[in-house]
Amino acid sequence: MQARIGTATIIGMAMTMLAAIGVSAVFAPPAHATQVITDISYAPAQPAGSRGHQLDLYLPSTGVGITPRPLLIWHSGSAWSSDDGKTGADAIAAVFNPLGFAVAGVSVRSSGQAIFPAQVYDIKAAIRWLRANAATYQIDPNRIAIMGDSSGGWLTEMATLTGGVTSLEGTIGTTGVSSAVQTGLAFYGPTDFLQMNAQNLPTGGLDHNSPASPESLLVGCPIQTCPAAVAQASPLTYVDSNDPPLMFLHGQADFLVPHGQSVLLYNKIKSQCGDATFVSVPAADHMMSQVMDPAQYGMQTVRTTTDCTETVGTGTLNPTWANFATFLRGGLKMGNSCQVTYARGAGSGTFNGSVTIKNTGTTPIDGWTVTWTWPGNQQITNAWSATVTQSGTQVTGRDLGYNSYIGPGSSQSLGFTASFTGTNGIPAQFKVNDIVCTTVVV
């Protein structure tokens, strides 16, 4: 028989646990020199005197990294019960400021102050404010990442997956600026509230269907009575193939947010040919300290899906800050540069050609798409070592999975046969993963 604990008791336990697992308890931040600007209002307080529209900025010391700086937004989980989600950003900054990242701790309104979608309106308003003021703080407006745990993980997933969803923009604070982020990293976030009770551990868990559960308080109704409202608060609703890369981590022994919630998200992203990395950690509960416990290294299951190609391994990516930084750098396309060598054979009416992609940057390319535009009427008739499609004069070549990885200094090639009439001109520009490459013609 499944154990059941009283609603009031379990919610009290949840709040206690969530308070106890702040990032500062996960690791002791080293001393570091940085500029800290606290309590910046990215929008007027609602209600007056509240903290939900404030953020703190942690800027790297002069001479650390490059400018403009990539930005990492942090939001700490609280089961949506707190309007002080910027708490813990100092510890995140202790890790990422020395790597050249600016860090923003962002607060949003609690569910007691405003129900969903207020929290998403708020994080998007904060992103817009940060992007609009990027030049002032030497932030790169094109390289913004977001990270959070628990309800902060949910907010991370919502922000990452809803770029361009106008119904979730709101009109708070700065408007007319994009609220999109380029990548996200989430710890044990809920994704489908209606399935949480069914996914609870055999030993029990939070009664998510209760009118007093965090999820019901967020959407403003007992969740099983308002499925349409709940669907709008589900990250699953917004998944599509154009979403930025997302990494999420979950403990298999999570008592508060069932591990199955991240399974649902991964399966949805995979079905949409999206870009996701899911790290499943055995024996870990709802704590970053357990998800990142070195004693678990080598035992986690890592599932990665990109362009409908999946890889599954055990112990292939340990949940360390160094690996998180590598993932974020890749998602933000930091240290990425490329060279394309274009070769074409002689021919009248048909020719063979090749495109060789060399990674001239410092970050590995894991999954590539190369694009170019023909200057004439060239038409590709056959291709190898890539999936190549052409629409009008636009050509797109995608890796075949086995050749998706290009380490720094390494290369991958594709070949093709094409027909043409008139002049067989050279494409003016090649892009790899939307980055313009240096072109060499041989």
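Note that these values count all heavy atoms, side chains included, but never hydrogens, waters or copies made by symmetry. The first residue in the sequence is number 1, and the count goes up from there.
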Walk me through it: do Ile269 and Asp243 pass the test side-chain contact (heavy atoms from CB on, under 4.5 Å)?
-> CA-CA 9 Å; Ile269 294 174; Asp243 292 326; 5.9 Å; no
Sub-4.5 Å side-chain heavy-atom contact between Trp74 and Asp149 | yes
Polar contact flag, side-chain donor to acceptor under 3.5 angstrom, Gln429-Thr373 = no
side-chain contact (heavy atoms from CB on, under 4.5 Å) between Leu99 and Arg329: does it pass, once the steps are laid out?
-> CA-CA 10 Å; Leu99 301 179; Arg329 287 176 61 87; over 6 Å; no
Between Thr360 and Cys338, is there a donor-acceptor pair closer than 3.5 Å when you use the side chain of the first and the backbone of the second?
-> yes
What's the shortest heavy-atom distance between Ala132 and Val177, and which atoms?
-> CB-CG2, 4.1 Å
May I ask you to check whether Phe96 and Phe324 place their ring centres under 6.0 Å from each other?
-> no
For Gln412 and Ile357, indicate whether the former's side chain and the latter's backbone hold a donor-acceptor pair under 3.5 Å.
-> no
Criterion side-chain contact (heavy atoms from CB on, under 4.5 Å) on Phe116 and Leu168, from CA distance to verdict = CA-CA 10 Å; Phe116 174 85; Leu168 291 179; 4.1 Å; yes
What about Trp321 and Phe101, are their ring centers closer than 6.0 Å?
-> no
Considering non-hydrogen atoms only, spot the tightest contact between Trp372 and Pro427 and give its length.
-> CD1-CG, 3.5 Å
Thr34 and Asn97 side chains, donor-acceptor separation under 3.5 Å = yes
Please round to the nearest 0.5 Å and tell me the distance separating atom OG of Ser354 and atom CZ of Arg344.
-> 12.0 Å
Donor-acceptor contact present, side-chain Asn359 to main-chain Tyr405, <3.5 Å | no
Determine yes or no for a side-chain-to-main-chain donor-acceptor pair under 3.5 angstrom, with Ser110 supplying the side chain and Ser82 the backbone.
-> no
Answer yes or no: is there a donor N or O on one side and an acceptor on the other, between the side chain of Gln296 and the main chain of Pro282, under 3.5 Å?
-> yes
Do Gln300 and Asn318 have side-chain heavy atoms sitting under 4.5 Å apart?
-> yes
Distance (rounded to the nearest 0.5 Å) between Asp285 CG and Gln252 CD | 12.0 Å
Would you call Asp39-Lys86 a salt bridge at under 4.0 Å N-O?
-> yes
Say whether, by atom type as modelled, one donor and one acceptor occur between the side chain of Arg303 and the main chain of Ser280 under 3.5 angstrom.
-> no
Report yes if the side chains of Leu265 and Leu246 come closer than 4.5 Å at any heavy-atom pair, otherwise no.
-> yes
d(Ser262 OG, Asn267 CG) to nearest 0.5 Å is 11.0 Å
Beyond-backbone contact of Asp56 with Asp90, side-chain heavy atoms, under 4.5 angstrom = no
Taking His208 as the fixed residue, which of Glu215, Gln199, Gln195 is the one that meets the side-chain hydrogen bond (donor to acceptor under 3.5 Å, both in side chains) rule?
-> Glu215
What pair of heavy atoms forms the shortest contact from Pro190 to Trp154, and how long is it?
-> O-CD1, 3.3 Å
Counting only N and O atoms by type, is there a donor-acceptor contact under 3.5 Å from the side chain of Ser81 to the main-chain atoms of Ser78?
-> yes
Side-chain contact test, heavy atoms from C-beta onward, threshold under 4.5 Å: evaluate it for Trp129 versus Leu55 and give yes or no.
-> yes
Shortest non-hydrogen separation from Ile144 to Ile73 and the atoms involved = CG2-CD1, 3.9 Å
Ile365 side, atom CD1; Ile435 side, atom CD1 - distance, nearest 0.5 Å | 7.0 Å
Without hydrogens or angle criteria, can the side chains of Thr396 and Thr389 be said to hold a donor-acceptor pair below 3.5 Å?
-> no
Considering residues, nucleotides and ligands other than Arg131, do more than 12 of their heavy atoms fall under 6.0 Å from its CZ?
-> yes
State whether the side chain of Thr326 and the backbone N or O of Ala322 hold a donor-acceptor pair below 3.5 Å, judged by distance alone.
-> yes
Hey, what do you get for OG1 (Thr417) to CD (Gln379), rounding to the nearest 0.5 Å?
-> 12.5 Å
Residue among Gln46, Gln54, Arg51 satisfying side-chain hydrogen bond (donor to acceptor under 3.5 Å, both in side chains) with Asp83 | Arg51
Could you tell me which non-hydrogen atom of Glu157 sits nearest to which non-hydrogen atom of Phe248, and how far apart they are?
-> OE2-CB, 3.9 Å
Using the six-membered ring wherever Trp is involved, compare the ring planes of Tyr188 and His250 and label them parallel, tilted or perpendicular (cut-offs 30° and 60°).
-> perpendicular
Classify the side-chain pair Asn133/Thr136 by whether it contains a donor and acceptor separated by less than 3.5 Å.
-> no
Non-hydrogen atoms of Asp192 and Leu264 that approach each other most closely = CB-CD1, 3.9 Å
Heavy-atom distance under 4.5 Å between the side chains of Trp374 and Ile380, does that happen here?
-> yes
Would you say the side chain of Met288 lies within less than 4.5 Å of the side chain of Val291, judging by non-hydrogen atoms?
-> no
Donor on one side chain, acceptor on other, Thr162 and Lys124, under 3.5 Å = yes
Determine the interplanar angle of the Phe193 and Trp80 rings, folded into 0 to 90°, and report it as parallel if under 30°, tilted if 30 to 60°, perpendicular if over 60°.
-> perpendicular
Parallel, tilted or perpendicular for Phe278 and His259, by the 30°/60° rule?
-> tilted
Main-chain N/O of Asn242 paired to Asp240 side chain as donor or acceptor, under 3.5 Å | yes
For atom NZ of Lys358, is the number of surrounding heavy atoms from other residues, nucleotides or ligands below 6.0 Å larger than 12?
-> no
Please report the C-alpha distance between Leu130 and Leu57 in whole Å, then the side-chain angles of each, then the deciding distance to 0.1 Å, and finally whether the side-chain contact (heavy atoms from CB on, under 4.5 Å) criterion is met.
-> CA-CA 10 Å; Leu130 288 160; Leu57 265 178; 4.1 Å; yes
Nearest-0.5 Å distance that lies between atom CD1 in Ile139 and atom CG in Leu59 = 6.0 Å
Donor-acceptor pair, Thr183 side chain versus Leu332 backbone, under 3.5 Å?
-> no
Which of these, Leu185, Leu72, Ile123, sits in a side chain to side chain contact (heavy atoms under 4.5 Å, CB included) with Ile146?
-> Ile123
So, do Leu206 and Met196 sit near enough that their side-chain heavy atoms are less than 4.5 Å apart?
-> no
